[in-house]
J.: 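Below you'll find the structure I mean.
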Amino acid sequence: KDDLRGAHDQMQLKTFTRWWNSWLSPRGVDVTTLCEQIKPGIIGINLMEALSGQPSGRYNKSVKNAYQAGENQIIFLNSIKSKGLKLVNIGPDDLQAGDQKLVLGLTCAPAPGIFSHITRAIKSLFSDFASAFSRAQVDPHSPLRDPALRRGRDGAAQMGQGGHHR
């Protein structure tokens, strides 16, 4: 049972490390050992800057001691809280220790907020498309009403009135 749990934890760590990299690689930050690299607090701040699109302000970019790492962790945790995400039983010391369970739990905190933001954006995009398509159906001069534009490469009609396949 412990082997199975250990394998699950390693898979989860690998998955979350990839998630961090998906946000940090474009910023030139390569995360290879998440629980070690989170200790100084720099990648956490970088992550929140990437997620929010806003700078975090002043922080210790070159950590020289535990005090500076703690300051960075406080900035990181406060930026998570400022986005309305709740953190329970996790503090700067936990991150400085690289506690795997808490680091993985913390990674789950920003993710749902981001995924709901993406979901809202996709729904909005489809809503805008559906609205434009409906207006095109009503507008007699719309290019979408031209049967030639609704034909595929083989010349067969792809969509008819109301968006139904023919």
Side-chain angles (χ1 to χ4, degrees), residues 1-135 158-159 163-165:
K1 189 171 180 170
D2 287 341
D3 288 343
L4 184 60
R5 184 67 174 145
H8 178 264
D9 289 349
Q10 285 306 308
M11 182 177 65
Q12 200 174 29
L13 179 61
K14 187 175 181 181
T15 300
F16 287 151
T17 300
R18 280 191 206 139
W19 184 83
W20 280 70
N21 271 316
S22 72
W23 288 99
L24 296 178
S25 289
R27 298 173 70 98
V29 178
D30 185 35
V31 181
T32 54
T33 54
L34 179 59
C35 293
E36 284 301 312
Q37 288 177 270
I38 203 167
K39 290 178 179 182
I42 297 167
I43 67 168
I45 293 170
N46 277 301
L47 176 68
M48 293 309 293
E49 288 179 341
L51 293 174
S52 70
Q54 300 172 354
S56 293
R58 290 182 61 138
Y59 65 95
N60 300 295
K61 293 180 171 99
S62 178
V63 175
K64 294 176 178 54
N65 56 48
Y67 179 77
Q68 290 178 338
E71 286 180 329
N72 282 352
Q73 296 298 359
I74 291 168
I75 293 168
F76 173 45
L77 294 172
N78 285 341
S79 67
I80 291 173
K81 291 174 189 174
S82 74
K83 304 299 180 209
L85 301 169
K86 292 187 178 193
L87 298 176
V88 179
N89 294 330
I90 187 164
D93 295 339
D94 301 314
L95 296 177
Q96 282 180 271
D99 184 305
Q100 182 173 326
K101 289 184 192 290
L102 294 177
V103 170
L104 296 179
L106 176 71
T107 300
C108 292
I114 295 306
F115 293 138
S116 66
H117 173 72
I118 291 168
T119 302
R120 281 193 306 275
I122 290 170
K123 284 180 182 177
S124 175
L125 177 67
F126 281 114
S127 174
D128 291 347
F129 175 76
S131 176
F133 189 75
S134 293
R135 284 192 305 273
Q158 297 295 313
M159 284 196 178
H164 300 292
H165 290 284

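The shown structure was predicted, so the numbers you read here are calculated from the model rather than taken from an experiment.
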J.: Considering non-hydrogen atoms only, spot the tightest contact between Leu77 and Ile90 and give its length.
T.: CD1-O, 4.4 Å

J.: A quick test of your reading: do over 12 heavy atoms of other residues, nucleotides or ligands sit less than 6.0 Å from CG of Asn89?
T.: no

J.: Does the pair Gln12 and His8 meet the rule for a side chain to side chain contact (heavy atoms under 4.5 Å, CB included), with working shown?
T.: CA-CA 6 Å; Gln12 200 174 29; His8 178 264; 3.9 Å; yes

J.: Out of curiosity, Ser22 OG to Leu47 CG, how far, rounded to the nearest 0.5 Å?
T.: 8.5 Å

J.: Check the pair Ser79, Ile45 against side chain to side chain contact (heavy atoms under 4.5 Å, CB included), reporting the backbone distance first and the verdict last.
T.: CA-CA 8 Å; Ser79 67; Ile45 293 170; over 6 Å; no

J.: Please report the closest heavy-atom contact between Pro92 and Gly70, naming both atoms and the distance.
T.: CB-O, 4.1 Å

J.: Using a 3.5 Å distance criterion without hydrogens, assess whether the side chain of Gln73 forms a donor-acceptor pair with backbone atoms of Ile38.
T.: yes

J.: Looking only at atom types and distance, does a side-chain atom of Asp99 sit under 3.5 Å from a main-chain N or O of Asp94, one as donor and one as acceptor?
T.: no

J.: By the definition side-chain contact (heavy atoms from CB on, under 4.5 Å), identify the one residue from Asn72, Leu102, Val103, Ile74 that meets it with Leu95.
T.: Val103

J.: Cation over ring, Lys61 on Tyr59, under 6.0 Å and within 45°?
T.: yes

J.: Looking only at non-hydrogen atoms, find the nearest pair between Val63 and Ile42 and report the distance.
T.: CG2-CD1, 3.9 Å

J.: What heavy-atom pair brings Leu51 and Trp19 nearest, and what distance separates the two atoms?
T.: CD1-CH2, 4.2 Å

J.: For Asn21 and Val29, which heavy atoms make the closest approach, and how far apart are they?
T.: OD1-O, 3.8 Å

J.: Set out, in order, the CA-CA distance, both residues' side-chain angles and the distance that settles side chain to side chain contact (heavy atoms under 4.5 Å, CB included) for Leu34 and Ile43, then state yes or no.
T.: CA-CA 9 Å; Leu34 179 59; Ile43 67 168; 3.9 Å; yes

J.: Shortest non-hydrogen contact from Gln100 to Asp9?
T.: NE2-O, 3.5 Å

J.: Looking at CG of Asn65 and CD of Gln68, how far apart are the two atoms once the value is rounded to the nearest 0.5 Å?
T.: 4.5 Å

J.: Under a 3.5 Å distance rule, please check whether Gln96 uses its side chain to pair with a backbone N or O of Ala69 as donor and acceptor.
T.: no

J.: Give a yes or no on whether the backbone of Thr33 and the side-chain of Gln37 come within a donor-acceptor separation of less than 3.5 Å.
T.: yes

J.: From Leu104 CG over to Phe16 CZ, what is the distance, rounded to the nearest 0.5 angstrom?
T.: 6.0 Å

J.: Under the 3.5 angstrom rule, does the side chain of Asn78 hit a backbone N or O of Ile75 as a donor-acceptor pair?
T.: no

